[in-house]
Amino acid sequence: MNGIEKLWGVKEVAEYLGIPVQTLYRWRCQGYGPRGRRMGKHVRYIPEDVREWVVSLQDEAA
């Protein structure tokens with residue numbers, strides 16, 4: 001592999017965050033949550049974006 005991490009689908013992100021898939025979809029509709037990118041009919045996430053979003057939550061709570 002060339003050092004580029006595989007993109008995550010909705011199931012992988014939900015599993016990483018420990019939330020139901022439907023919650024992630026609801027967050028997307030509300031403009032909340034990690035940034036996802038639409039690729040045709042699929043939504044994909046860059047794992048680093050998801051991790052950065054989680055860290056940003058810690059900054060907000062401080």
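What you see is a predicted model; the values in this text were computed from it and never measured. When reading the values below, keep in mind they use all heavy atoms of this one structure, side chains included, and skip hydrogens, waters and symmetry mates.
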Exercise for the section: Mind checking ring-ring contact (aromatic ring centres under 6.0 Å, His included) for Tyr25 and listing every partner two or more places apart, or none if nothing turns up? Expected result: none

Practice task
Mind telling me whether Trp27 and Trp53 have parallel, tilted or perpendicular rings, with 30° and 60° as the class edges?
Solution key: tilted

Practice task
Scan residues 9-21 for pairs that pass salt bridge (charged side-chain N to carboxylate O under 4.0 Å, His left out), counting only residues two or more places apart or in two chains.
Solution key: none

Practice task
Tell me whether Val54 is reachable from Leu7 by hopping between hydrophobic residues (I, L, V, M, F, W, Y) whose side-chain heavy atoms are closer than 4.5 Å.
Solution key: no

Please list, one pair per line, the donor and acceptor atoms closer than 3.5 Å that link side chains of residues 35-51 to other protein atoms, with sequence neighbours excluded.
residue : atom : partner : partner atom : Å
Arg37   : NH1  : Asp49   : OD2          : 2.8
Arg37   : NH2  : Asp49   : OD2          : 2.9
Arg38   : NH1  : Lys41   : O            : 3.3
Arg51   : NH1  : Glu5    : OE1          : 3.4
Arg51   : NH2  : Glu5    : OE2          : 2.9

